Amino acid sequence: MITYKHEPAGYEDILGCSRYPNQESIACFLANGDNNFLNEGIVQNSLLYIDTKGRYEEGKLNVFDRSDEEPRFKVSRSKVKNAQFFGRVILIVNQCD
């Protein structure tokens, strides 16, 4: 990652990244503890930044909206049955105490 293009930014208790040209399409979620993507560094309470204008790519970390299920949003490398594509994971941030 080229840090001068996507510098960490903070305001009060909110952490984000600056200089994304499509800031209006970035969503952020906290990862739950299902431990399905430990190899990618996603652990419980990791911040997942999602580009909601991104395109689905098989094998990449895609996010799907399962409106009638809990948890509602699901990260998957392949299409999720009965779910609508929401966006692509573009950044993972782990929080430490």
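This structure is a prediction, so every number in the text was calculated from the model and none was measured.
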> Would you say the side-chain atoms of Asn32 pair up with the backbone N or O of Gln44, donor to acceptor, closer than 3.5 Å?
Replying inline: no
| request: Please confirm whether Lys79 makes a cation-pi placement over Phe85, using NZ or CZ under 6.0 Å from the six-membered ring centre and within 45° of the ring normal. | output: no
dist Ile92:CD1 -> Ser46:OG (nearest 0.5 Å) comes out at 7.0 Å
Taking Leu48 as the starting point, is it possible to reach Phe37 by hopping between hydrophobic residues whose side chains are less than 4.5 Å apart? yes
Rounding to 0.5 Å, atoms CG (Asn82) and CZ (Arg66) come to a distance of 10.5 Å
Would a single hydrophobic cluster contain both Phe64 and Val75, if residues Ile, Leu, Val, Met, Phe, Trp and Tyr are joined by side-chain heavy-atom contacts under 4.5 Å? no
Inset, instruction - Determine whether Tyr56 and Val80 fall in the same hydrophobic cluster, where Ile, Leu, Val, Met, Phe, Trp and Tyr are linked whenever their side-chain heavy atoms lie under 4.5 Å apart. - result: yes
Next on the checklist: Are Arg55 and Asn62 packed together at the side-chain level, in the sense that at least one heavy-atom pair is separated by less than 4.5 angstrom?
Outcome noted: no
Open item on the list: Taking Ala83's backbone N and O only, do any of them form a donor-acceptor pair with Asp65's side chain (distance below 3.5 Å, no angle check)?
Closed with: no
So CG of Leu91 and CG of Leu61: to nearest 0.5 Å the spacing works out to 11.5 Å
Taking every heavy atom of Ser78 against every heavy atom of Glu58, the minimum-distance pair comes out as CB-OE2, 3.3 Å
Within a 6.0 Å radius of atom CD on Gln84, are there more than 12 heavy atoms belonging to other residues, nucleotides or ligands?
no
* Asked: Any side-chain heavy-atom pair from Val93 and Tyr49 closer than 4.5 angstrom?
  -> yes
| said: Do Ile50 and Ile90 have side chains that approach each other closer than 4.5 Å (heavy atoms only, starting at C-beta)? | reply: no
When rounded to the nearest 0.5 Å, the distance separating CG of Leu47 from CD1 of Ile42 is 11.0 Å
Suppose we call two aromatic rings close when their centres sit under 6.0 Å apart. Are Phe29 and Phe86 close by that rule? yes
Rounded to the nearest 0.5 angstrom, the CD1-NZ distance for Ile26 and Lys53 is 9.5 Å
The reported gap from CD in Glu57 to CZ in Arg88 (rounded to nearest 0.5 angstrom) is 4.0 Å
